[in-house]
Every structure is written in structure tokens, then in C-alpha cells.
Amino acid sequence: MIKEYKADIWIILSVILLIVFSIGAVYSASSYYSMIATKSGDSDYLGKLHIGKAILALAALFIFSKIDYKVYEKYGFLLIVGTILLLAAVLIFGVTKKGASRWIPLGPLSFQPSDIAKYTLMIYLSVLLARKKEYIHLLYRGYMFVIGYVLIITILIIAQPNFSTAMIVFGTSILLLSVSPAKTKHILITVLSVIPFAVLFVLSKPYIMSRFDKFSQFTSSGKVGLQLDQAIIGLGNGGLIGVGPGNSYQKEYFLPEAYNDFIFAIVGEEYGFIGAVAIIIVFGFILIRGYKVALNSEDDFGKYLAFGITSIITAYAFVNMSVATGIIPTTGVPVPFISYGGTALIINSAAMGILVNISRNAKGKENIIMNKLNKNK
Amino acid sequence: MHKEKQNKGIINLTFDKKIKIISTIFVLFFIVLIGRLFNVQILNSEKFQLTAKKQTQKKEIIRPLRGIIFDRNMKPLVTNVFDVSITANPKRIKNIDSTLNIISKITEGDKGKYISLLSQKEDSEIQIEKLSGVQETRKFDTLKLDGINITKSPVRYYTYGSLASQVLGYTDDQYKGRSGIEYTYDKELTGSTGLVIMQKDGQGNKRPFQGLFQKYPENGSNIVVTIDINIQQIIEEELLKGVKESGAKGGKVLVISVRTGEILAMSSYPTFNPNEKKSSDTSGMKNRVISDIYEPGSTYKLITAAGSLEDNLFNRNSVINTENGEYVLGKDLVIKDVHGLPSMTFEEVIINSSNVGIAKISERLGKEKFYKYSRNFGLGTFSGIEIMGENKGLLKHPSDFKNGTLQFCSMGYQIMTNVLQISLAYASIANNGFLMKPLIVKKCISPEGKILWKNEPITLRQTVSEKTAKILNEFLVGVINNGTGTAAELETVSAAGKTGTTQILTKSGYSKTAHNGSFIGYFPSDSPSLLVAVYMDELVNTGDFYGGKVAAPVFKRISDRIIEYVGQNSLYSPEFLNEDFNKLQIASKDIKTKNENEFIMPDFTGMELRNAITILNEKKIKFEIEGIKNEKETIAKGVRRLVVEQSIAAGKEINEKDATIKFKIKDVKSEWNNTQVIPDVVGLSLRQAITKLSTRGFNVEITGTGKVESIEPKVGELMPNGTKVKIIANNKN
């Protein structure tokens with residue numbers, strides 16, 4: 001097996017670009033909050049923390065790109081068991097923030113197990129799909145077994161409660177199944193039977209209902225005077241070229257957590273339409289490159305995992321941007337690599353590292369080289 | 001690969017194809033997203049930019065300070081104080097303990113209270129202190145604490161409370177003049193507002209950056225009124241006393257400088273305190289001296305007489321048939337005198353205030369001339385006073401006269417005037433026939449002290465000739481000497497005046513039980529300088545209701561006190577009331593010099609020490625002050641040093657130039673304007689003692705007659721105004 005192929009340099013460059021950009025964006029978006037919220041009035045407080053995490057994230061990107069992804073295939077089962085235990089633990093011991101128990105304190109870095117869970121689930125699903133590809137189209141021997149893990153993880157995340165992450169995890173898992181030889185009928189039945197539960201869950205949670213409510217108000221009148229409105233005002237204020245780096249008005253408490261869930265609005269305000277579209281194009285580029293890695297992967301595990309990781313990053317980016325532009329109801333999902341994310345940033349980078357590692361073993365490159373060798377003959 | 005082919009339909013698609021479909025869908029999603037951004041950021045950008053700007057900018061209007069209103073001696077009558085509100089946002093306070101320490105130090109408030117207030121609300125802005133009437137705000141201006149917001153809004157403060165309140169008027173919550181000087185000169189007093197654009201954040205808090213001044217505020221100009229607050233105090237005290245004694249429902253007093261038309265004091269009872277505007281009865285807010293009109297009654301007879309003399313229809317000795325006091329003009333039209341006589345001279349008609357006599361005189365004058373003279377005296381038309389709310393009264397046109405109208409008008413019925421109009425008419429007689437425009441404002445001064453404009457006395461016209469004015473003046477002296485106004489006789493100078501008594505017109509005709517009593521007089525009669533008009537309103541079922549009984553004594557008390565205050569001699573000075581004719585000069589004139597080495601020692605008790613020293617220095621009299629060694633100590637901050645005792649009695653003649661007078665002094669807090677020293681009246685006649693005590697605002701209770709033997713409280717005690725001083729005279733019946 002030839003292992004000296006070059007990694008997908010474009011994915012690495014895209015991620016580095018986004019992380020470097022995020023340092024400026026978070027610095028600006030968090031400055032006002034930092035100044036007001038810190039005792040000393042240090043406007044750089046969150047910005048400095050973010051730089052530290054960005055450096056760790058870049059390190060993770062490189063380290064994981066060097067680790068042979070086949071390791072995860074080997075330890076996939078351990079990973080998923082560990083994840084389930086972590087998710088259970090967070091329900092029992094977790095730190096509650098804003099009404100949801102999502103965090104596990106880990107020294108200075110607290111982290112959300114759900115950030116890890118989405119990737120470990122992808123890893124183990126890829127393991128199962130690669131291993132059971134012979135009978136995945138069978139309901140009892142294949143499909144039920146696979147979907148069981150998806151539902152366990154989804155339910156554990158919903159229980160925190162973290163509805164939006166659970167939906168993304170579930171959605172990307174279904175997407176992964178749909179590219180596998182699993183039967184479309186089974187997948188459709190799964191989705192259709194989950195929908196009533198999801199609706200029931202939404203109806204039982206007033207905070208989610210109110211977001212739907214505000215969203216419907218917003219789409220009908222364009223005015224709710226809340227986060228969403230402020231995000232749109234921010235984007236609109238940016239215009240074509242933006243108000244310039246650091247000049248956002250909206251970060252000054254008009255948008256809550258401007259440095260996190262609504263950072264896209266701040267980016268759109270400071271860098272304008274051009275900046276916002278550029279970010280979308282970069283994510284689109286990562287999508288294309290990531291799927292290309294999946295297409296070219298020499299083994300099924302790498303194929304599914306590359307597809308899964310790429311889908312998760314893309315889904316997060318899309319959901320967040322859609323929220324900030326008022327296309328879908330408000331939900332607290334960060335933009336990968338750009339939001340002040342703490343551990344999520346590091347984990348996402350690590351996942352991209354895995355994707356890059358898969359690209360090293362792409363058969364496409366092997367073929368190209370073989371072709372070249374043949375031509376040279 | 002062959003296994004994938006076992007699937008049917010779309011499932012038959014290869015992995016490659018599925019990925020291409022999914023990636024296409026994602027790309028489509030992204031295109032929708034870009035479309036949405038295009039809509040928001042390009043198509044609707046302008047709208048959102050405007051919204052963003054609007055919600056971050058907070059326009060703040062900076063109010064200028066309203067101008068100060070001074071009295072004629074530059075005593076501040078209306079100034080500004082501040083309501084200070086301190087709010088705290090607990091979330092933004094860096095160090096609660098030290099912040100509250102600083103605040104409680106400045107406000108002298110209870111830190112514990114602030115802490116408990118702050119602990120009630122943890123995340124929103126909360127008011128922790130509200131101070132009202134703060135005079136010095138500089139200590140708040142320098143305070144810049146995170147999470148603490150201090151707002152101060154200026155509020156009008158009326159230094160003398162209810163004194164002159166109807167003249168000064170008041171402002172509303174918006175700091176805008178609503179009545180009196182505050183309203184009339186609102187433009188001058190207001191200044192111009194400044195505008196500052198503050199940046200605010202999403203929680204409405206000001207950003208911790210300096211605001212951008214669009215326009216700096218300009219403070220209002222100051223107004224100097226013609227009122228003398230000391231004279232105002234005298235009239236308000238005496239008016240209140242007069243109303244209480246007579247049982248009248250209300251009353252009015254007006255003091256005018258005859259030669260200049262300046263209004264020195266003006267008040268109507270009831271009054272109000274603009275500092276406590278909300279609680280006050282609104283009826284006290286009206287300046288009834290100009291806003292209320294009524295039938296002037298007998299005081300109007302002078303106008304009829306003036307016209308008749310001026311036209312040479314009569315001389316003072318012309319005999320008038322007064323019909324034994326009953327003159328029938330027609331059915332139900334009878335004019336009666338209180339004390340009927342078959343005939344009187346023209347002069348006696350005025351002195352005795354004969355109704356029949358003046359009716360007869362008016363018949364010779366005729367309605368046209370009567371109307372002409374009335375108009376000439378400024379009746380039935382606006383006096384021109386520059387404060388709002390004047391009612392011009394009612395003067396019937398001759399074409400509207402019916403049988404008896406002329407006769408009744410001649411004695412002040414069926415005519416309506418306000419107190420100011422009729423007083424100005426009298427003042428013109430006192431002023432050799434020259435009618436002056438009434439002045440209430442002397443000048444307007446910019447905040448920097450520049451005089452912006454000035455009101456000079458304006459002669460409107462001559463009402464009667466000097467000769468006629470002289471004769472009428474003599475009549476009015478006669479009214480006091482041996483007519484209806486004997487109660488108006490003054491202590492020190494001769495006065496002239498006229499009484500008035502009218503039945504009040506009700507729906508069912510003239511009331512038999514409700515009267516108005518009035519007296520308009522001026523002094524000194526040989527050199528008229530001040531006019532005092534006194535009106536007692538609605539004397540219902542009171543024992544006395546004649547002007548000579550209820551108003552003349554009030555005129556006397558007021559006039560005596562004013563003379564004591566301004567100094568008798570100064571009344572004769574042509575400089576009287578001139579710009580630099582200040583009170584100090586008035587006081588120093590009390591020292592009469594018989595020859596170079598002889599002085600009559602003035603009464604220094606109750607005088608401020610530095611004023612006493614000024615007089616002594618001028619006259620080169622040596623002095624010693626108990627407890628004070630050098631001259632710097634004669635003035636102390638925050639207190640008034642008053643002389644309470646002098647070693648050489650007042651009135652004593654001092655022969656030697658090197659005689660030394662010794663003073664004992666007492667310190668009184670500056671705010672205690674109404675505290676006075678009980679003067680030494682022992683050994684004086686009762687009349688002198690009463691004048692002296694009442695001039696200082698004391699009430700008097702007398703036992704016995706003759707000369708004062710002792711008084712209580714003791715001489716030299718500091719007592720507030722209105723304190724009752726018991727006088728025991730040596731002749732105890």
C-alpha cells in the first residue's frame with residue numbers, strides 16, 4: 001500500500017483560513033462584552049482566550065492529520081461505548097448552563113460531550129457500514145443494529161436537552177445511511193416514525209415553541225425586535241463591503257453572544273456581503289473537497305467517515321447561517337471554526353485532521369500516479 | 001459492486017451518484033443563503049443601516065440653566081437648584097463596596113440602604129438615591145464610576161418662598177415659565193438647549209465614551225425686577241395682618257414709585273409658595289392686583305374732580321348743593337350720603353367723600369368729558385404692565401350712558417378697574433400730572449453680566465396740569481387730616497390719600513352686607529415719592545367695612561415701615577431709587593450732624609456688623625467689638641454678624657470726636673433672613689416703640705400708657721419675625 005500521497009492541502013488551507021479569520025472576528029465581536037462583563041474592563045479577555053484555543057485547534061488539525069484513520073476503525077466500538085457513558089454522565093454530573101446540562105468540567109476546559117459524540121457516532125457508523133455492508137439492506141441483521149446506535153445517541157443528546165444538536169446528529173446519520181446500501185424504505189420509515197416524536201418534543205418545550213413563534217412573526221412582518229431582528233439589522237448595516245473590521249454596532253449588546261451563535265451576523269456587518277459570501281464559499285469548498293475525499297477513499301470505512309465528517313461541518317455551517325439570516329428558526333448552533341467555541345473548535349479541527357488523513361490514502365491519487373507511471377512506461 | 005446492483009430503483013444509484021446529488025443539494029442550500037444575503041445586504045441595506053444608526057444613537061438634550069431673577073437690590077429671588085438621581089446597574093459595578101462608599105460619602109446617605117436596594121434587583125438598572133434641592137452639584141460632576149449613572153435636572157428655587165410669588169410666577173415640569181415674570185420673560189430666561197448625541201448599546205446603556213456635542217447649551221439671561229424684596233415682605237406681612245383683623249376674604253397691596261412708575265411691591269392675598277406649587281391652592285397663584293377688576297367706588301371721585309377742576313368748571317371753594325344727602329335721579333335711582341348736608345364746598349365733597357356732591361359735579365362735567373378724562377387717566381385700557389394676565393377693566397362709552405349712568409360712574413360705580421390702573425391714575429396726580437408707564441422689570445443681564453436691555457421710566461402723558469394736581473394733592477391731604485382717612489396718618493411724614501368703600505354687586509343687585517374697602521395714598525405729601533394702595537376684598541358681615549377703617553390702618557402700617565426702611569430723608573432726595581442709591585447710603589443718612597463735632601448716635605442694633613462699621617468709618621467714630629480684634633473677622637462665612645448691643649444709646653448726642661462705641665455681636669446663620677434683634681425701645685414713647693418694633697417685623701402687645709418701662713423678650717435678643725413683644729409702659733392706669 002502506498003502511503004506517501006500528499007494530503008488534501010486545500011482542506012488544510014481552508015480550515016487554517018477560517019481559524020485565522022475567526023481570531024479577528026471573535027476579538028471584535030467579544031470586545032464589548034468582555035469590557036462590560038469583566039471586573040477589570042478588559043476588552044481583550046475573550047479574544048485572548050480564543051487565540052489560545054485557536055492555537056490548540058491548529059495543533060489538533062496537524063496531529064490528527066498524521067494519525068492513521070484506520071486506528072478509529074479498530075477502536076470504534078470502544079469510542080462509541082465511551083461516548084454513551086459520557087453522555088449519560090453529563091446528564092448526571094454535568095454542569096448546567098442556560099437551563100441545559102451539556103457541559104463536563106475538565107480543568108480550565110469544560111467541554112460538551114455532544115461535540116465529541118457527533119464524530120464518534122460517525123466513526124462507529126462508518127465502522128458498521130463498512131463491516132456489515134453485506135447485510136445492511138436486511139432489516140434485522142443490519143439496519144436495526146445500526147439505527148439503534150443513532151437513536152441512543154440522539155435520545156441522550158435530546159435529554160440534555162439539546163434539540164438542535166440532536167437533530168443535526170440524527171440528520172447527518174440518516175444522510176450517511178442514505179449513501180450506504182441500506183434500504184431507502186427502512187430509512188424513510190425511520191424518519192417518518194421519528195417526526196411525530198420530534199413534533200411532540202417541540203410542543204412540550206415552550207422555549208422551542210416560542211422560537212418557532214417568533215420565527216413565524218418574523219417571516220410574516222419582518223419585525224420581532226429580538227436577536228433575529230438584530231442579526232438581520234447587523235447584516236443589512238454591513239451592506240456590500242461592510243463597516244470594517246472592529247466597527248460593528250451590533251456587537252454592543254444588541255446581539256446577545258455576538259461572538260458565538262450570532263457571529264455570522266457580526267462578520268456580515270463588518271465585512272459586508274462580500275465577506276459573508278466568502279465564508280459561504282469556503283464552506284462550500286470544504287464540502288466539495290470533503291466529498292471528493294470520500295469518493296476517492298480506498299476503503300469503505302474511509303469513504304463513509306469522510307462523508308460523515310464533511311456532512312457534519314457543512315450541516316452546522318448551514319444551520320447557523322440560516323438562523324442568522326432568518327431562513328430557519330433561532331437555534332443555538334455555532335459556526336464551525338469561526339464562533340468562539342472553546343473545545344468545539346478543537347474537536348472540529350481534530351475531525352478535519354481525520355478527514356485530511358483519509359485524503360492521504362485516497363485511491364484517486366493512487367490511480368493518477370499509476371496512470372502516470374503507465375504513461376511513462 | 002455486483003451486490004449494489006441487487007438493489008432496485010433509486011437505491012440502485014452508486015455511492016458516487018448519491019454523493020453528487022447530496023452535494024448538489026447542499027450547494028443549492030448555499031445559493032439560497034447567498035440569495036437571502038443579497039436581499040438583506042444589498043437590496044435592503046439602506047433601510048437596515050438607518051435602523052442600526054437609530055438604535056445606537058441616543059439624542060440627549062442638555063438643558064441650559066434658567067436665568068436668575070433678582071430684586072432691584074440684586075438680591076436673588078429665583079435661582080436654580082438640582083434634583084439629583086443616582087441609578088446603579090449592579091452587573092456593571094466593578095467593586096460594589098468601594099463604589100457605594102464613594103457614593104454614600106458624597107450623598108451623606110446610608111450605604112446599607114444602597115446595598116439592600118441593589119440586592120433586590122440583580123440585573124437591571126435601579127435608582128438608589130434621589131436628592132432634591134441640591135445647590136452644589138460639582139461634586140457629582142466629577143464622579144465617574146462604572147455602573148453608576150447620575151442625572152441632575154435643574155429645578156427652580158424661590159429664595160423667599162411665597163414672597164412676591166404672584167409677580168415672579170412659576171415654571172412647569174418642563175422648566176418653562178407659566179405665569180408672572182417667568183412666563184413673560186420666558187424667552188430671555190430660557191436660554192438655548194444644547195444637544196449631545198450619545199452612543200448607546202443594546203441594553204440602552206450609554207457607551208462609556210464621551211458624547212458628541214452637536215450644540216452647546218447657552219444659559220438664560222438674568223432679569224432684574226423693580227421689586228424691593230424688603231418692601232415686598234413688609235406689604236405681605238401687613239396685608240395678612242390686615243386681612244385677619246378685618247375679616248376680609250382677601251386683599252391686595254401695591255407700592256409704586258410715583259416718579260418712575262416702578263412697582264416696588266405687589267401682592268394679593270391669598271398667596272402661594274411656588275416651591276410647593278403642587279400642594280398650594282391655585283387661587284393664590286393669580287396676581288389679583290392686575291387680574292381682578294371691580295368697581296373702585298369713592299376712590300374714583302378724584303378722577304371726576306380732576307376733570308372738573310382742569311376744565312375750570314369749579315374752584316375748590318365752589319359751593320355744591322348736596323340736597324341733605326339724598327338726591328333722587330328717577331324711580332329707584334337715589335344717591336345717598338352717609339352724613340347728609342344741605343351744601344358743601346368742592347373741597348369738602350372730596351374730603352367727606354360725598355356721593356351727592358360728586359354726582360352734581362359730574363353733571364356739570366358731562367359724559368363726554370368724563371369719558372375723556374377717565375381714558376386720559378388710563379382707565380378702561382391696559383396699563384401696559386409687562387406681565388401677563390392684566391384685565392383692562394370696563395369703562396362705558398358715553399353713547400351707552402343712560403339716566404344716572406354718569407352720576408353713578410362719577411362715584412366709581414358701573415365702572416371696573418384693576419388696582420394697578422387706579423393706582424397709576426393717583427400716582428399721576430402725585431407726580432404733577434404725569435402718568436408713568438408701570439415698570440416691573442428694570443433690566444435684562446446676560447449670563448456674563450452684560451446689560452442686554454434696560455427699562456427707563458416712560459412718561460405716557462399728562463393727565464392734568466401741575467396746578468390741578470397741586471389742588472387735588474391738598475384735597476387728599478385733607479382726607480387724612482380731617483376727612484374719612486384719618487386712620488392713615490403717618491408717624492413721620494404727611495401723607496395724602498383717598499378712601500373707598502363699595503357695595504359688592506351680586507346677581508340680586510348691590511349687597512347690603514358685602515363690601516370692599518380700599519385706601520390709595522402716597523407720601524410725603526410735600527414731595528410725593530411712594531404710592532401705597534390697599535384693597536380689602538369681600539368684607540361680609542364684618543363690623544367695619546369702610547375703607548377708612550379697614551384699609552387706611554394697613555396703609556399706615558405699611559407706609560411707616562417702608563419709611564423706616566428707606567429712611568425718611570431719602571424720600572425727599574431726587575436721587576431716590578436711583579441705581580446707586582443703595583441702602584447703605586440710606587442708613588448713613590440717619591446720622592444727623594448738628595456741627596462738626598456733634599453726632600446723634602444711630603441705632604445699630606440688628607444691623608449687620610459690616611454695615612455698621614461702614615457708617616462708623618465714614619463718620620470717623622472709633623469702635624470696639626467684643627471678641628473681635630482685627631477687621632477681617634468682621635465678616636464670617638455662612639453667618640450674619642448682627643449687632644445686638646451698643647454701649648452708647650441710640651439718639652444720644654456725642655460731642656467728642658474721640659468717643660468710642662462698643663458693640664456686642666451675635667452670629668446668625670445666613671439662611672435666617674427672618675431673624676431680627678429686639679431693638680432698644682426702653683424710654684421711648686409708645687408710638688415710637690411700636691414703629692421701631694413693627695419695622696423689624698415684631699408684633700406688639702401693650703400694657704399701660706406713656707413711656708416704655710420694660711419689654712419682653714429682652715433688648716438684644718434674636719427673635720424670628722412675628723414674635724409678640726410685650727411692652728409695659730410706666731403709666732399703668
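Sequence lines set the chain letters: A, B, ... in the order given, protein chains first and strands last, and positions in each chain run from 1.
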What is the distance from atom [atom1] of [X] to atom [atom2] of [Y], rounded to the nearest 0.5 Å?
X: B:Phe29; Y: A:Thr314; atom1: CZ; atom2: OG1; value: 11.5 Å
X: B:Thr51; Y: A:Gln230; atom1: OG1; atom2: CD; value: 9.0 Å
X: B:Gln41; Y: A:Leu235; atom1: CD; atom2: CG; value: 5.0 Å
X: B:Leu37; Y: A:Ile279; atom1: CG; atom2: CD1; value: 11.0 Å
X: B:Thr14; Y: A:Leu295; atom1: OG1; atom2: CG; value: 9.0 Å

Could you tell me if the side chain of [Y] sits less than 4.5 Å from the side chain of [X], heavy atoms only?
X: A:Leu240; Y: B:Ser45; answer: no
X: A:Asn237; Y: B:Glu46; answer: no
X: B:Phe15; Y: A:Asp300; answer: no

Count the heavy-atom pairs under 4.5 Å between each of [options] and chain B, then report the option with the highest count.
options: A:Ala294, A:Gly284, A:Gly290, A:Gly239; value: A:Gly239
options: A:Leu175, A:Ile288, A:Thr310, A:Val277; value: A:Leu175
options: A:Ser311, A:Gly238, A:Gly272; value: A:Gly272

Distance-minimising heavy-atom pair for B:Arg36 and A:Ile232: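 B:Arg36 and A:Ile232 have their closest heavy atoms at NH2-CD1, 3.4 Å.
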Taking every non-hydrogen atom, the tightest pair across A:Val179 and B:Lys18: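 So the minimum-distance heavy-atom pair works out to CA-CD, 3.5 Å.
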Measuring heavy-atom distances to chain B, does [X] have an atom under 4.5 Å in its side chain, in its backbone, in both, or in neither?
X: A:Ala324; result: neither
X: A:Leu287; result: side chain
X: A:Phe285; result: neither
X: A:Phe307; result: side chain

Heavy-atom pair count under 4.5 Å with chain A, highest-scoring of [options]:
options: B:Val27, B:Ile22, B:Asp16; value: B:Ile22
options: B:Asn44, B:Val40, B:Leu50; value: B:Val40
options: B:Ile42, B:Leu33, B:Val32; value: B:Leu33

Taking atom [atom1] of [X] as the centre, report whether more than 12 heavy atoms of other residues, nucleotides or ligands fall under 6.0 Å from it.
X: B:Gln49; atom1: CD; answer: yes
X: A:Ile241; atom1: CD1; answer: no
X: B:Lys105; atom1: NZ; answer: no

Plane angle bin for B:Phe26 and A:Tyr291 - parallel if under 30°, tilted between 30 and 60°, otherwise perpendicular: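 If you compare the ring of A:Tyr291 with that of B:Phe26, the planes turn out tilted.
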Partner residues of B:Lys130 under the salt bridge (charged side-chain N to carboxylate O under 4.0 Å, His left out) criterion, sequence neighbours left out: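 Counting only residues at least two positions away or on another chain, B:Lys130 forms no salt bridge (charged side-chain N to carboxylate O under 4.0 Å, His left out).
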Pairing residues for B:Lys20 by the salt bridge (charged side-chain N to carboxylate O under 4.0 Å, His left out) criterion, not counting sequence neighbours: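 Salt bridge (charged side-chain N to carboxylate O under 4.0 Å, His left out) list for B:Lys20, sorted by chain: empty.
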